[in-house]
Amino acid sequence: MRQVNFTSRALLSALLYCVVLSTVKAQVRADPGIPDIPGYRTIKGDFHMHTVFSDGKVWPTTRVEEAWREGLDVIAITDHIEYRPFIKEGDHNIAYDIAKSTADRLGIMLIKGSEITRREMPPGHLNAIFLEDANALEKDDWRDALRAARDQGAFIFWNHPGWSRQQKDTTLWWDEHTWMMENNLMHGIEVVSGLDHAYYPEAHTWAKEKGLTMMGTTDIHNPIGMDYNFALGEKRAMTLIFAKEFTENGLKEALFAGRTIAYYQDNFYGNQEYLEALFKASLQIQEVRKSGNRFSVKVYNPTSIPIKILKAPGNEDKDFFRWLTLSPRATDGFTIVAPEGSNDDFVEVKWIIENYKSGPGESIAVTMRFDAKQ
Ligand SMILES: [Zn+2]
Ligand SMILES: [Zn+2]
(Lines give C-alpha, C1' and ligand atoms only; values in the text may rest on other atoms or scores of the structure.)
(Ligands and ions follow the chains in the order given, each with its own letter.)
Protein backbone atom coordinates (compact mmCIF):
# COMPACT_ATOMS: atom_id res chain seq x y z
CA MET A 1 0.00 0.00 0.00
CA ARG A 2 2.76 2.34 1.05
CA GLN A 3 4.59 1.46 -2.13
CA VAL A 4 1.53 2.34 -4.23
CA ASN A 5 1.19 5.69 -2.46
CA PHE A 6 4.81 6.43 -3.07
CA THR A 7 4.42 5.56 -6.75
CA SER A 8 1.30 7.71 -7.03
CA ARG A 9 3.05 10.62 -5.40
CA ALA A 10 6.06 10.21 -7.65
CA LEU A 11 3.81 10.06 -10.69
CA LEU A 12 1.89 13.07 -9.52
CA SER A 13 5.09 15.03 -8.93
CA ALA A 14 6.39 14.07 -12.33
CA LEU A 15 3.10 15.09 -13.89
CA LEU A 16 3.07 18.43 -12.09
CA TYR A 17 6.64 19.01 -13.14
CA CYS A 18 5.64 18.44 -16.78
CA VAL A 19 2.63 20.72 -16.46
CA VAL A 20 4.78 23.46 -14.97
CA LEU A 21 7.38 23.03 -17.68
CA SER A 22 4.83 23.06 -20.47
CA THR A 23 3.17 26.12 -18.94
CA VAL A 24 6.47 27.91 -18.96
CA LYS A 25 7.03 26.98 -22.58
CA ALA A 26 3.54 27.73 -23.82
CA GLN A 27 3.15 30.73 -26.09
CA VAL A 28 0.03 32.80 -26.35
CA ARG A 29 -1.30 34.20 -29.60
CA ALA A 30 -2.83 37.64 -29.04
CA ASP A 31 -5.52 38.03 -31.69
CA PRO A 32 -6.57 41.70 -32.09
CA GLY A 33 -10.09 40.48 -33.00
CA ILE A 34 -10.33 42.58 -36.16
CA PRO A 35 -13.38 41.24 -38.05
CA ASP A 36 -13.92 40.39 -41.72
CA ILE A 37 -15.89 42.89 -43.80
CA PRO A 38 -18.78 41.99 -46.16
CA GLY A 39 -17.42 40.06 -49.15
CA TYR A 40 -13.84 39.85 -47.91
CA ARG A 41 -11.62 38.18 -45.34
CA THR A 42 -9.52 40.57 -43.29
CA ILE A 43 -5.90 39.39 -43.35
CA LYS A 44 -3.33 40.91 -41.01
CA GLY A 45 0.12 41.29 -42.55
CA ASP A 46 3.54 42.84 -42.04
CA PHE A 47 5.59 43.00 -45.23
CA HIS A 48 8.71 44.76 -43.98
CA MET A 49 11.14 43.21 -41.48
CA HIS A 50 14.81 42.35 -41.15
CA THR A 51 16.94 39.48 -39.85
CA VAL A 52 20.65 38.84 -39.34
CA PHE A 53 20.81 38.26 -43.10
CA SER A 54 20.82 42.06 -43.44
CA ASP A 55 21.04 44.49 -40.51
CA GLY A 56 18.39 42.88 -38.26
CA LYS A 57 19.22 41.37 -34.88
CA VAL A 58 17.23 38.15 -34.99
CA TRP A 59 17.19 34.78 -36.72
CA PRO A 60 14.49 34.38 -39.40
CA THR A 61 12.39 31.84 -37.42
CA THR A 62 12.06 34.42 -34.61
CA ARG A 63 10.21 36.76 -36.99
CA VAL A 64 7.67 34.01 -37.68
CA GLU A 65 7.21 33.26 -33.98
CA GLU A 66 6.76 36.96 -33.17
CA ALA A 67 4.17 37.24 -35.94
CA TRP A 68 2.26 34.24 -34.59
CA ARG A 69 2.28 35.59 -31.05
CA GLU A 70 1.00 38.99 -32.18
CA GLY A 71 -1.88 37.64 -34.23
CA LEU A 72 -0.57 38.21 -37.75
CA ASP A 73 -1.61 35.94 -40.62
CA VAL A 74 1.11 36.71 -43.17
CA ILE A 75 4.61 38.22 -43.22
CA ALA A 76 7.42 38.93 -45.65
CA ILE A 77 11.02 39.02 -44.44
CA THR A 78 12.61 41.77 -46.53
CA ASP A 79 16.34 41.88 -45.90
CA HIS A 80 18.34 44.51 -47.77
CA ILE A 81 19.86 43.24 -51.00
CA GLU A 82 22.67 45.81 -50.82
CA TYR A 83 23.41 46.11 -47.11
CA ARG A 84 24.47 43.01 -45.21
CA PRO A 85 26.80 44.00 -42.38
CA PHE A 86 26.86 40.57 -40.68
CA ILE A 87 26.78 38.01 -43.46
CA LYS A 88 28.20 39.66 -46.52
CA GLU A 89 27.87 36.98 -49.18
CA GLY A 90 25.45 34.35 -50.31
CA ASP A 91 21.95 33.53 -51.42
CA HIS A 92 19.37 36.32 -50.91
CA ASN A 93 16.60 33.73 -50.49
CA ILE A 94 18.17 32.25 -47.37
CA ALA A 95 16.05 33.98 -44.68
CA TYR A 96 12.90 32.76 -46.44
CA ASP A 97 14.28 29.23 -46.75
CA ILE A 98 15.21 29.10 -43.05
CA ALA A 99 11.87 30.49 -41.84
CA LYS A 100 9.55 28.48 -44.12
CA SER A 101 9.15 25.30 -42.07
CA THR A 102 8.39 27.29 -38.89
CA ALA A 103 5.84 29.36 -40.83
CA ASP A 104 4.20 26.18 -42.16
CA ARG A 105 4.07 24.65 -38.68
CA LEU A 106 2.47 27.75 -37.14
CA GLY A 107 0.11 28.49 -40.05
CA ILE A 108 1.73 31.82 -40.90
CA MET A 109 1.83 32.57 -44.62
CA LEU A 110 5.39 33.49 -45.58
CA ILE A 111 5.87 35.64 -48.68
CA LYS A 112 9.29 35.97 -50.27
CA GLY A 113 10.53 39.56 -50.37
CA SER A 114 13.56 41.86 -50.41
CA GLU A 115 14.37 45.51 -49.81
CA ILE A 116 15.95 47.35 -52.74
CA THR A 117 18.12 49.87 -50.93
CA ARG A 118 19.71 53.04 -52.22
CA ARG A 119 21.29 55.51 -49.86
CA GLU A 120 20.04 58.55 -51.75
CA MET A 121 16.55 59.87 -52.22
CA PRO A 122 15.45 59.43 -54.96
CA PRO A 123 14.71 56.56 -55.19
CA GLY A 124 15.17 55.71 -51.49
CA HIS A 125 14.17 52.21 -50.37
CA LEU A 126 11.55 49.97 -51.96
CA ASN A 127 10.23 46.55 -50.97
CA ALA A 128 9.42 43.90 -53.55
CA ILE A 129 7.26 41.00 -52.36
CA PHE A 130 5.95 37.81 -54.02
CA LEU A 131 9.42 37.21 -55.47
CA GLU A 132 10.49 33.91 -56.94
CA ASP A 133 14.24 34.49 -56.75
CA ALA A 134 15.57 37.42 -54.75
CA ASN A 135 19.07 36.99 -56.24
CA ALA A 136 17.86 38.49 -59.52
CA LEU A 137 17.50 41.86 -57.75
CA GLU A 138 21.23 42.30 -57.20
CA LYS A 139 21.86 45.01 -59.83
CA ASP A 140 24.04 48.12 -59.99
CA ASP A 141 21.24 50.32 -61.32
CA TRP A 142 18.16 50.52 -59.08
CA ARG A 143 15.99 50.72 -62.19
CA ASP A 144 17.23 47.28 -63.24
CA ALA A 145 16.57 45.91 -59.75
CA LEU A 146 12.97 47.15 -59.91
CA ARG A 147 12.53 45.73 -63.41
CA ALA A 148 13.84 42.36 -62.23
CA ALA A 149 11.27 42.38 -59.43
CA ARG A 150 8.44 43.42 -61.74
CA ASP A 151 9.40 40.67 -64.19
CA GLN A 152 8.75 38.17 -61.38
CA GLY A 153 5.28 39.64 -60.86
CA ALA A 154 6.27 41.39 -57.63
CA PHE A 155 4.18 43.91 -55.74
CA ILE A 156 6.50 46.86 -55.08
CA PHE A 157 6.06 49.63 -52.53
CA TRP A 158 7.96 52.76 -51.42
CA ASN A 159 9.35 52.37 -47.90
CA HIS A 160 9.41 55.01 -45.14
CA PRO A 161 8.90 57.90 -47.64
CA GLY A 162 9.31 60.49 -44.87
CA TRP A 163 12.43 59.03 -43.22
CA SER A 164 14.41 62.00 -41.91
CA ARG A 165 17.73 60.54 -43.04
CA GLN A 166 16.52 60.74 -46.66
CA GLN A 167 13.96 63.54 -46.58
CA LYS A 168 15.56 66.03 -44.26
CA ASP A 169 12.76 68.51 -43.60
CA THR A 170 9.91 67.77 -45.99
CA THR A 171 8.44 64.61 -47.47
CA LEU A 172 8.82 65.15 -51.21
CA TRP A 173 7.60 63.27 -54.27
CA TRP A 174 10.31 62.97 -56.93
CA ASP A 175 10.19 62.61 -60.72
CA GLU A 176 11.70 59.15 -60.27
CA HIS A 177 8.58 58.04 -58.41
CA THR A 178 6.40 59.27 -61.25
CA TRP A 179 8.63 57.30 -63.62
CA MET A 180 8.25 54.18 -61.46
CA MET A 181 4.47 54.45 -61.52
CA GLU A 182 4.44 54.98 -65.28
CA ASN A 183 6.50 51.83 -65.72
CA ASN A 184 4.49 49.61 -63.37
CA LEU A 185 7.40 49.59 -60.90
CA MET A 186 5.64 50.97 -57.82
CA HIS A 187 2.24 49.86 -56.57
CA GLY A 188 2.08 50.87 -52.92
CA ILE A 189 3.48 53.21 -50.29
CA GLU A 190 4.10 53.02 -46.56
CA VAL A 191 1.60 55.32 -44.89
CA VAL A 192 2.82 54.03 -41.54
CA SER A 193 6.37 52.92 -40.77
CA GLY A 194 7.64 51.46 -37.53
CA LEU A 195 11.11 52.68 -38.52
CA ASP A 196 10.07 56.22 -37.66
CA HIS A 197 7.23 55.10 -35.36
CA ALA A 198 5.37 57.46 -37.67
CA TYR A 199 2.37 58.14 -39.84
CA TYR A 200 3.23 60.06 -43.03
CA PRO A 201 0.33 62.37 -43.96
CA GLU A 202 1.85 63.15 -47.39
CA ALA A 203 1.94 59.44 -48.22
CA HIS A 204 -1.71 59.07 -47.21
CA THR A 205 -2.68 61.89 -49.59
CA TRP A 206 -0.53 60.53 -52.46
CA ALA A 207 -1.96 57.05 -52.00
CA LYS A 208 -5.48 58.42 -52.45
CA GLU A 209 -4.62 60.78 -55.33
CA LYS A 210 -2.37 58.43 -57.31
CA GLY A 211 -4.01 55.11 -56.54
CA LEU A 212 -1.18 53.59 -54.51
CA THR A 213 -1.96 50.81 -52.03
CA MET A 214 -1.64 51.94 -48.39
CA MET A 215 0.81 49.91 -46.35
CA GLY A 216 1.57 49.79 -42.63
CA THR A 217 4.75 47.95 -41.64
CA THR A 218 7.13 47.65 -38.69
CA ASP A 219 10.46 47.61 -40.58
CA ILE A 220 11.54 45.85 -37.41
CA HIS A 221 15.27 45.24 -36.88
CA ASN A 222 15.42 44.40 -33.14
CA PRO A 223 13.54 41.65 -31.34
CA ILE A 224 10.06 43.17 -31.51
CA GLY A 225 9.63 43.40 -27.74
CA MET A 226 12.54 45.86 -27.62
CA ASP A 227 10.74 48.37 -29.85
CA TYR A 228 7.13 47.88 -28.74
CA ASN A 229 6.00 47.80 -25.12
CA PHE A 230 3.19 45.27 -25.47
CA ALA A 231 2.75 45.16 -21.69
CA LEU A 232 1.65 48.79 -21.81
CA GLY A 233 -0.75 48.07 -24.66
CA GLU A 234 1.39 49.25 -27.58
CA LYS A 235 0.47 47.66 -30.91
CA ARG A 236 2.73 46.92 -33.83
CA ALA A 237 2.12 48.43 -37.22
CA MET A 238 0.42 46.17 -39.76
CA THR A 239 -1.44 46.16 -43.04
CA LEU A 240 -5.03 44.90 -43.08
CA ILE A 241 -5.76 43.31 -46.43
CA PHE A 242 -9.31 42.61 -47.63
CA ALA A 243 -8.94 39.45 -49.71
CA LYS A 244 -11.43 37.22 -51.47
CA GLU A 245 -9.54 34.20 -50.10
CA PHE A 246 -6.64 33.53 -47.77
CA THR A 247 -4.17 32.29 -50.37
CA GLU A 248 -1.06 33.86 -51.84
CA ASN A 249 -3.01 34.69 -55.01
CA GLY A 250 -5.92 36.10 -53.03
CA LEU A 251 -3.55 38.32 -51.09
CA LYS A 252 -1.73 39.48 -54.19
CA GLU A 253 -4.97 40.36 -55.98
CA ALA A 254 -6.15 42.42 -52.99
CA LEU A 255 -2.83 44.29 -52.69
CA PHE A 256 -2.75 45.19 -56.40
CA ALA A 257 -6.42 46.24 -56.14
CA GLY A 258 -5.62 48.57 -53.20
CA ARG A 259 -7.96 46.89 -50.69
CA THR A 260 -5.98 47.70 -47.54
CA ILE A 261 -5.91 49.75 -44.37
CA ALA A 262 -2.68 50.71 -42.57
CA TYR A 263 -3.00 50.13 -38.84
CA TYR A 264 -0.79 51.34 -36.01
CA GLN A 265 -1.38 51.75 -32.25
CA ASP A 266 -5.07 52.78 -32.01
CA ASN A 267 -5.43 54.28 -35.49
CA PHE A 268 -6.61 52.96 -38.84
CA TYR A 269 -5.50 54.84 -41.99
CA GLY A 270 -7.26 54.20 -45.27
CA ASN A 271 -10.02 55.44 -47.51
CA GLN A 272 -13.60 56.02 -46.46
CA GLU A 273 -14.99 52.88 -48.12
CA TYR A 274 -12.91 50.24 -46.30
CA LEU A 275 -12.71 52.19 -43.05
CA GLU A 276 -16.49 52.47 -42.89
CA ALA A 277 -16.92 48.78 -43.67
CA LEU A 278 -14.43 47.85 -40.96
CA PHE A 279 -15.97 50.19 -38.41
CA LYS A 280 -19.47 48.84 -39.04
CA ALA A 281 -18.21 45.26 -38.74
CA SER A 282 -16.44 46.18 -35.49
CA LEU A 283 -19.50 47.65 -33.77
CA GLN A 284 -21.94 44.95 -32.71
CA ILE A 285 -25.37 46.28 -31.77
CA GLN A 286 -26.55 44.07 -28.92
CA GLU A 287 -29.79 45.71 -27.85
CA VAL A 288 -32.00 48.69 -28.69
CA ARG A 289 -34.93 49.49 -26.38
CA LYS A 290 -37.41 52.26 -26.90
CA SER A 291 -39.35 53.99 -24.16
CA GLY A 292 -41.30 57.05 -25.28
CA ASN A 293 -38.81 58.98 -27.40
CA ARG A 294 -35.75 57.55 -25.59
CA PHE A 295 -33.67 54.81 -27.20
CA SER A 296 -31.37 52.81 -24.91
CA VAL A 297 -28.63 51.16 -26.93
CA LYS A 298 -26.03 48.55 -25.98
CA VAL A 299 -23.06 47.90 -28.27
CA TYR A 300 -20.05 45.58 -28.09
CA ASN A 301 -16.52 46.21 -29.41
CA PRO A 302 -15.01 42.78 -30.23
CA THR A 303 -11.54 44.16 -31.05
CA SER A 304 -8.56 44.97 -28.86
CA ILE A 305 -8.64 48.55 -30.19
CA PRO A 306 -10.81 51.32 -28.72
CA ILE A 307 -13.41 52.96 -30.98
CA LYS A 308 -13.48 56.73 -30.51
CA ILE A 309 -16.82 58.28 -31.47
CA LEU A 310 -17.61 61.99 -31.76
CA LYS A 311 -21.00 63.58 -32.39
CA ALA A 312 -21.05 64.96 -35.95
CA PRO A 313 -22.93 68.06 -37.12
CA GLY A 314 -26.47 67.31 -38.28
CA ASN A 315 -27.88 65.81 -35.08
CA GLU A 316 -29.50 69.01 -33.82
CA ASP A 317 -32.93 67.45 -33.24
CA LYS A 318 -31.52 64.64 -31.06
CA ASP A 319 -29.82 64.49 -27.73
CA PHE A 320 -26.95 62.11 -27.02
CA PHE A 321 -23.29 62.05 -25.99
CA ARG A 322 -20.75 64.42 -27.56
CA TRP A 323 -17.96 61.86 -27.39
CA LEU A 324 -17.76 58.22 -26.40
CA THR A 325 -14.87 55.76 -26.42
CA LEU A 326 -15.85 52.12 -26.69
CA SER A 327 -13.32 50.13 -24.73
CA PRO A 328 -11.73 47.01 -26.24
CA ARG A 329 -13.70 43.80 -25.87
CA ALA A 330 -16.39 45.46 -23.79
CA THR A 331 -20.07 46.30 -23.88
CA ASP A 332 -21.09 49.92 -23.54
CA GLY A 333 -24.47 51.63 -23.34
CA PHE A 334 -25.82 55.05 -24.23
CA THR A 335 -29.13 56.83 -24.68
CA ILE A 336 -30.39 58.72 -27.71
CA VAL A 337 -33.32 61.05 -27.15
CA ALA A 338 -35.35 61.49 -30.35
CA PRO A 339 -37.47 64.63 -30.97
CA GLU A 340 -40.50 65.01 -28.74
CA GLY A 341 -43.54 63.20 -30.17
CA SER A 342 -41.48 61.03 -32.53
CA ASN A 343 -43.29 57.74 -33.22
CA ASP A 344 -40.60 55.95 -35.25
CA ASP A 345 -39.24 52.63 -33.99
CA PHE A 346 -35.78 53.64 -35.16
CA VAL A 347 -33.44 56.53 -34.73
CA GLU A 348 -30.59 57.74 -36.96
CA VAL A 349 -27.49 59.58 -35.80
CA LYS A 350 -24.38 60.95 -37.49
CA TRP A 351 -21.01 60.17 -35.99
CA ILE A 352 -17.36 60.91 -36.69
CA ILE A 353 -15.12 57.95 -35.88
CA GLU A 354 -12.06 59.78 -34.70
CA ASN A 355 -9.47 56.98 -34.90
CA TYR A 356 -10.55 55.81 -38.39
CA LYS A 357 -8.50 58.27 -40.47
CA SER A 358 -9.50 58.84 -44.09
CA GLY A 359 -6.84 61.50 -44.73
CA PRO A 360 -4.55 63.89 -42.89
CA GLY A 361 -6.70 65.52 -40.22
CA GLU A 362 -9.82 63.72 -41.50
CA SER A 363 -11.84 60.99 -39.87
CA ILE A 364 -14.71 59.02 -41.37
CA ALA A 365 -18.28 60.21 -41.01
CA VAL A 366 -20.96 57.54 -40.67
CA THR A 367 -24.72 57.43 -40.31
CA MET A 368 -25.94 54.87 -37.81
CA ARG A 369 -29.47 53.57 -37.59
CA PHE A 370 -30.72 51.89 -34.42
CA ASP A 371 -33.89 49.83 -34.78
CA ALA A 372 -35.88 49.10 -31.63
CA LYS A 373 -37.57 46.09 -33.27
CA GLN A 374 -34.55 44.04 -34.30
ZN1 LIG B 1 14.61 50.90 -45.56
ZN1 LIG C 1 13.81 48.02 -44.00
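When a ligand or atom number is given, it counts from 1 through the structure's own listing order. As the structure is a prediction and not an experimental result, all values here were calculated from the model. Only heavy atoms go into these numbers, but all of them, side chains included; no hydrogens, no water, no symmetry mates.
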Between [X] and [Y], is there a side-chain N and carboxylate O pair less than 4.0 Å apart?
X    : Y    : value
E82  : R118 : yes
K208 : E362 : yes
D31  : R29  : no
D151 : R147 : no
D46  : K235 : no

Legend entry - Sphere of radius 2.8 Å around the Zn ion (ligand 2) - protein N, O or S atoms inside: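 Only H48 NE2, H50 NE2, E115 OE1, D219 OD1 fall inside 2.8 Å of the Zn ion (ligand 2).
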
Legend entry - Working for side chain to side chain contact (heavy atoms under 4.5 Å, CB included), residues N293 and V337: CA-CA 6 Å; N293 58 337; V337 183; 3.9 Å; yes

